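A, B, ... follow the sequence lines: proteins, then strands. Residue 1 opens every chain. Here the structure is a predicted model, which is why all the values come from computation and not from measurement.
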2 protein chains.
Amino acid sequence: MAPGPGFSDEQNETLCESESTVYVHNPHLDGMKEDILYHFNLGTSTHNLPAMFGEVKFVCVGGSPWRMKSFIEYIAGELSLEDPKAEYPNICAGTDRYAMYKIGPVLSVSHGMGIPSIAIMLHELIKLLYHARCTDVTIVRIGTSGGLGLEPGTVVVTKQSVDATFLPRLEQVILGNTVVRSTDLDQGLAEELLQCSKDLGQFETVIGNTMCTMDFYEGQARLDGAFCSYTEKDKQDYLTKAYESGVRNIEMESSVFAAMCKLSGLKAAVVCVTLLDRQKGDQLSSSHEVLHSYQQRPQILVGHLIKKMLQASASSRS
Amino acid sequence: MAPGPGFSDEQNETLCESESTVYVHNPHLDGMKEDILYHFNLGTSTHNLPAMFGEVKFVCVGGSPWRMKSFIEYIAGELSLEDPKAEYPNICAGTDRYAMYKIGPVLSVSHGMGIPSIAIMLHELIKLLYHARCTDVTIVRIGTSGGLGLEPGTVVVTKQSVDATFLPRLEQVILGNTVVRSTDLDQGLAEELLQCSKDLGQFETVIGNTMCTMDFYEGQARLDGAFCSYTEKDKQDYLTKAYESGVRNIEMESSVFAAMCKLSGLKAAVVCVTLLDRQKGDQLSSSHEVLHSYQQRPQILVGHLIKKMLQASASSRS
């Protein structure tokens, strides 16, 4: 947290020492006279990033721009920061690549679908937090997923993000060579989220591995894509192996999210609701209302976490 | 084209024989009592897909929803199909995953950024065209890219889509195993597009290879991401090797677009404008107006192609 008025110099120093900054790992950045965050339509010479974003402590990201707007409205109410007359303007209004909303210490950003789409957003978000000199940032991906052996509507907090062969790694191609990165997430934060679900008592939440794939149809063993070269039995055998390895849900962004957050010192978690049980089907045939109510669960869970963390931070200062 | 009134049975039969249908390769599809195209918010039991889409002969796809709306407005004017009072409604208005617009025989669909995002869209688009019983469909991706050795604003029509090691292939993971798919595009269509650019005489167009990467920053040897572990010289050496192998531009969707269109019998081309010369920089620092005018070039080129093909088709029937 940023030292505020009322702290003595000594207290400020102690606080500063315990602060965790957001890292970039790029020696070229500091030599650039400006940095244009192209896909956000923001930049260091056109925007005062420390003034706009310096207070950010929580970042929530998700695929859909609508859902990220609805999250900022929800969290504004939860934190009693809402202004009934206020619209929450899209900070990235000059582009349609991503949408971004902010209220107090909470930033909400959309990332589209798939590893490449979220990776572009995260490169620019990490640079934004670095330029804004943010400290002690917690970041959570809230998303949707297919479940394995779980009732639809169950929320999965990711223990490890694994690839299509169930290994906790991300293969990143750099200059044509493949580099393997770890997809570890913050275990303490995952446990805290599980505790939040117990506090709330509104829906089932489990901790499990999340399989991150490059494709929604063939990549997730669906039988209903434009192409399918395998049988129902092949599908079931694959999903059973995934379940036996500890996979409880399947989505398309967690591995690069985990890898990039780890590299930049962001405390990160992935919280996805399961929209269906993939061992029982492939199509998303639940009603719009049911799917919508499921999608609110990760928001409710993360909203509770943010309130708890802000309360703990306030009481440690008093 | 669909036989219309005024054709004799014999003519109809000849036309039908020469028609090329849109293929799916999935024996499970025909056994499904309905098919929900979830990310389009469309389905076979909720929408009359043959009535809505049966006349489609041209599909234009691109990353940005705004650009795909502007394309449908542009093509409506070019084909004199515009109605000054008409709004072009987003056919996928019930979801924010993709946007879709249609006028006469032309469909315009956004696909987001990266291979996984466009792959989800293409699975559902191919099924849509199949359910709608469309025939003789031409599909073009219009996009933006980084150029190699070209003046910014040059348009590249893709000869081959290559991966980060300059090979014309897509690695698709199915049930945890890697399958390699060809990324061939229609060479006749590429030549036709080059001819359209000569007809127009408004901007430079070349045919060259397009490198398709999984990441915008490290994956494209940029020096301005949140992470960078290589030097300026490493970057230049890599881009020089790419250029020597025939690569003229770099983007993030062409390989899976080429592979999936080939598998489904769609005549496909990729037309991307270069927004900068990557051997001279990484940041997109041109003015909004300049970048906007560059982005219109693929639209103008494809608009001209569609007009020419419709005129040829009309005169062959008269």
Side-chain angles (χ1 to χ4, degrees), chain A residues 24-29 32 34-36 38-39 63-66 94 96-97 112-117 119-120 122-124 126-127 130 164-166 172-176 213-219 221 223-230 232 234-235 238 241 252 260 263-264 283-285 288, chain B residues 24-29 32 34-36 38-39 63-66 94 96-97 112-117 119-120 122-124 126-127 130 164-166 172-176 213-219 221 223-230 232 234-235 238 241 252 260 263-264 283-285 288:
Chain A
V24 292
H25 293 275
N26 183 352
H28 306 283
L29 270 191
M32 286 163 54
E34 72 169 318
D35 186 10
I36 298 167
Y38 176 70
H39 301 86
S64 144
W66 293 354
D96 62 350
R97 299 302 191 170
M113 288 186 287
I115 288 175
S117 185
I120 296 175
L122 287 173
H123 269 284
E124 299 186 13
I126 290 164
K127 293 198 295 175
Y130 168 76
T165 62
F166 323 132
Q172 172 80 40
V173 178
I174 302 176
L175 306 180
T213 69
M214 292 294 298
D215 176 51
F216 184 80
Y217 287 96
E218 293 172 286
L223 301 171
D224 63 339
F227 316 122
C228 181
S229 54
Y230 41 87
E232 162 89 33
D234 296 333
K235 167 197 158 173
Y238 180 65
K241 270 191 237 166
M252 299 179 66
M260 292 181 71
L263 280 174
S264 56
Q283 293 240 308
L284 285 158
S285 50
H288 185 80
Chain B
V24 292
H25 293 276
N26 182 351
H28 305 284
L29 270 191
M32 286 162 55
E34 71 169 320
D35 186 10
I36 299 168
Y38 176 69
H39 300 86
S64 145
W66 293 354
D96 61 351
R97 300 301 191 170
M113 290 187 285
I115 288 174
S117 186
I120 296 174
L122 287 172
H123 269 285
E124 299 185 13
I126 290 164
K127 292 197 296 175
Y130 168 76
T165 62
F166 322 132
Q172 170 81 41
V173 178
I174 302 177
L175 307 180
T213 69
M214 291 294 299
D215 177 51
F216 185 79
Y217 288 95
E218 295 172 285
L223 301 171
D224 64 340
F227 316 122
C228 181
S229 54
Y230 41 87
E232 163 88 33
D234 295 335
K235 167 195 158 172
Y238 180 65
K241 268 191 241 169
M252 300 179 67
M260 290 180 72
L263 280 174
S264 55
Q283 291 240 310
L284 285 159
S285 50
H288 184 81

If you tally heavy-atom pairs under 4.5 Å between each of I174(A), T213(A), D234(A), I126(A) and chain B, the highest tally belongs to I174(A)

Applying ring-ring contact (aromatic ring centres under 6.0 Å, His included) to Y230(B) and not counting sequence neighbours gives none

With chain A, the option among G94(B), G219(B), A164(B), P65(B) that has the most non-hydrogen atom pairs under 4.5 Å is P65(B)

Would a 4.5 Å heavy-atom cut-off, applied to side chains only, mark N26(A) and K127(A) as touching? no

Ranked by heavy-atom pairs below 4.5 Å to chain B, first place among V24(A), D224(A), L122(A) goes to D224(A)

Turns out that what part of M214(B) lies under 4.5 Å from chain A's heavy atoms comes down to both

Pair count under 4.5 Å, heavy atoms only, with chain B: among C228(A), G114(A), S229(A), S264(A), highest is C228(A)

With chain A, the option among I115(B), T165(B), L284(B) that has the most non-hydrogen atom pairs under 4.5 Å is L284(B)

Honestly, the part of Q283(B) sitting under 4.5 Å from a heavy atom of chain A is side chain

CD (Q172(B)) and CG (L263(B)) are apart, to the nearest 0.5 Å, by 9.5 Å

Exercise. Could you check whether the rings of H123(A) and Y217(B) sit parallel, tilted or perpendicular, using 30° and 60° as the cut-offs?
Key: tilted

Please tell me if the side chains of M113(A) and R97(B) come closer than 4.5 Å, counting only heavy atoms from C-beta onward. yes

query = Are any non-hydrogen side-chain atoms of D35(B) and L29(B) less than 4.5 angstrom apart?
reply = yes

Per-residue tally against chain B (heavy atom, under 4.5 Å) across Y38(A), F216(A), W66(A) peaks at W66(A)

Looking only at M32(A), H39(A), E34(A), the option with the highest number of non-hydrogen pairs under 4.5 Å against chain B is H39(A)

Residue from S117(A), G176(A), G63(A), P27(A) scoring the most non-hydrogen pairs under 4.5 Å with chain B is G176(A)

Among D215(B), L175(B), V173(B), the residue with the most heavy-atom pairs under 4.5 Å to chain A is L175(B)

Answer key: most heavy-atom pairs under 4.5 Å with chain A among A221(B), G112(B), S64(B), A119(B) is S64(B)

Rounding to 0.5 Å, atoms NE2 (H25(B)) and CD (E218(A)) come to a distance of 10.5 Å

